[in-house]
Number of protein chains: 2
Amino acid sequence: MSNDAPLGGGPADSVPTDRAPTDRAPTDRARAGRAHARRAPDTFVNGPSPIAVTVDVVLLTLRSGQLCVLVTQRDSPPFQDGWALPGGFVRVDEDLDASARRQLTEGTGVAASGHLEQLRTYGRPDRDPRARVVSVAYLALLPNLPPPPGTDRDGPTARWWPVEDLGSADGPVLAFDHPTIVADGVERARSKLEYTPLAAAFCEEPFTLAELRRVYEAAWGAPLDPPNFRRKVLSTPGFVVPVGARAAPRGGGRPAELYRRGSATALHPPLLRRSV
Amino acid sequence: MSNDAPLGGGPADSVPTDRAPTDRAPTDRARAGRAHARRAPDTFVNGPSPIAVTVDVVLLTLRSGQLCVLVTQRDSPPFQDGWALPGGFVRVDEDLDASARRQLTEGTGVAASGHLEQLRTYGRPDRDPRARVVSVAYLALLPNLPPPPGTDRDGPTARWWPVEDLGSADGPVLAFDHPTIVADGVERARSKLEYTPLAAAFCEEPFTLAELRRVYEAAWGAPLDPPNFRRKVLSTPGFVVPVGARAAPRGGGRPAELYRRGSATALHPPLLRRSV
DNA sequence: ACAAAAGTGTTAATTGTACACCCATGA
DNA sequence: TCATGGGTGTACAATTAACACTTTTGT
């Protein structure tokens, strides 16, 4: 550290002490308002501006063949009764990745395991009507979770929503710029299936190749040829490794071989969806 | 964010007023220190923490067949006399993208035209020894600029540095976590060449296919077969559009046809580098 | 005429696609 | 033994890669 740039003079107790972003606490009263009144004048041109930093998480999973996103219900304005991504303020000594895992665990009870990657940062000045908030969005991928998280709490309700329903009339009303964030997250997941072994993050280990294939089919909305898919996956070193056992047969059909995630981080060549 | 939660009541002037991580302004005086003294205790658990938000820009261009990054010299600690990416604080009413363009123009005199995209956000708590600073990094691509920007100023000096030299002993000492940011930016550029028409962002319009090909060769460090490259580019709709003229012949060889950037945003199928 | 760079043609190898067919299990 | 899904084989199409060859310029 150094003296170069003197940190501001304000004492610690003069900084904002307001409530969390994922405020669903009953004490959440509206003190917010007047965000613009707090916005910095030109005196901040050469120094830091009062901008809050939050993390929002797009958690995707596969539920009965559908790609679903986890959202929590809001209980206060703005967007009261609407749905929002799990998220909240970043603590001053907390790494961004760690904050994302914490938001998931604290806000929804979802285990913080599984794939987590930074998605993108959203910072339009008007994205939150109350204040200037910059949000670092994360993308999390998990296998289907036995209990739909959060539904048994009396606090804010969490639920899975199929991503297909997001634009439609019977879909949820997403708060803030969360429609954009979710859309970006879904598109990131879809395209990363092409050139990374990420599809396995949706599968509980050990998994069959059919389960892995259904991830692609759900994400891309198109069927894949099972024989060709099998060859493709097995010919990519480190995509999956055989576990040496077979799945328990269920309801007819030959039992499938079991695999777990391999060590590969990229697919060469990629497994391209036939789009354009 | 997005999540609700009234932002705290702290007055604007109580937030940090420290300098940016990339601070190189002459008015950069030392007013303080003790960053940790301001770090939030548990009282901030549910509210916004005093975190500064900055933007750093990885500006890449092609100079005499080498991929180069723009860096500016620091004139104060930490990392005094080291090199840093152009960047600075985000203003409270300023969009992140707009801030990135401003940092480029103000800090280095580089025209804010050309390709600009968000790269990733860096927020390790210890990335700046003076205070908690979260930096949204951007990636900018420009054609070779006639004047090496910033070399004639008496303020901080800016210069291009070949990305090949970055790890070596005769390369620059990059401040903060800027080595990581530059590496991520270069890798992003290299991989986006594969599946987007982004290479054209490095070319002054109108350009020849040979110039476009040299972008790939410089970025990937391997020669490409000119006939096959030509067919590939021309068979991708919207990658480039012919201008209907020929370049002025220079020093032997048939004059090349001229093209400009097309409207395509993706390459189907991609133009893969033969790696692995 | 020669060198150099642009551009065209052709072929072999590789990869992707479609689909017929066999295997193992439950009913 | 039939239905169902897993797994293998194979032929054809599409794409890529390698390189010979022609065109157009400067010297």
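In the text below, chain A, chain B and the rest are named by the order of the sequence lines, each starting its count at 1. Side chains included, hydrogens not; waters and symmetry mates left out as well; all remaining heavy atoms used.
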Using whole Å, report how far [atom1] of [X] lies from [atom2] of [N].
X	N	atom1	atom2	result
R273(B)	dT16(D)	CZ	C1'	18 Å
L272(A)	dT16(D)	CG	C1'	14 Å
L224(B)	dA18(D)	CG	P	11 Å
H268(B)	dA14(D)	NE2	C1'	17 Å
R254(A)	dG26(C)	CZ	P	14 Å
E257(B)	dT23(D)	CD	P	15 Å
F207(B)	dA5(C)	CZ	C1'	18 Å

Measuring from the side chain of [X] (C-beta onward, heavy atoms only), which nucleotide among [options] has the closest atom?
X	options	result
R214(A)	dC19(D), dG6(D), dT24(D)	dG6(D)
A256(B)	dG7(C), dG7(D), dC19(D)	dG7(C)
P255(A)	dC23(C), dT25(C), dT24(D)	dT25(C)

Closest nucleotide of DNA chain C for G253(B) versus for L258(B): which of these residues is on the 5' side?
G253(B)

Between G251(A) and P270(A), which residue's closest nucleotide on DNA chain C lies nearer the 5′ terminus?
P270(A)

Could R273(B) and E187(B) be called an ion pair, given the rule that one side-chain N must be under 4.0 Å from one carboxylate O?
yes

Evaluate L209(B) against Y259(B) for side chain to side chain contact (heavy atoms under 4.5 Å, CB included), listing each step before the verdict.
CA-CA 8 Å; L209(B) 293 187; Y259(B) 299 85; 3.5 Å; yes

Check the pair V186(B), V69(B) against side chain to side chain contact (heavy atoms under 4.5 Å, CB included), reporting the backbone distance first and the verdict last.
CA-CA 9 Å; V186(B) 169; V69(B) 62; 5.9 Å; no

Nearest-nucleotide check on DNA chain D, D225(B) vs R250(B); residue mapping nearer the 5' end is D225(B)

Examine distances only and state if a side-chain atom of R261(B) and a backbone atom of C203(B) form a donor-acceptor pair shorter than 3.5 Å.
yes

Which residues satisfy the ring-ring contact (aromatic ring centres under 6.0 Å, His included) test with F229(A), sequence neighbours excluded?
Y216(A)

Got a sec, which pairs hit salt bridge (Lys or Arg N to Asp or Glu O under 4.0 Å) with one end in residues 165-177 of chain B, sequence neighbours left out?
R127(B)-D177(B)

Classify R246(B) by what it touches in the nucleic acid, base, sugar-phosphate, or nothing, heavy-atom distance under 4.0 Å.
nothing

Of residues 226-238 of chain A, the positions that come close to DNA chain C - non-hydrogen atoms, cut-off under 4.0 Å
P227(A), N228(A), R231(A), K232(A)

Which heavy-atom pair separates L70(A) from A158(A) by the least distance, and what is that distance?
CD1-CB, 4.2 Å

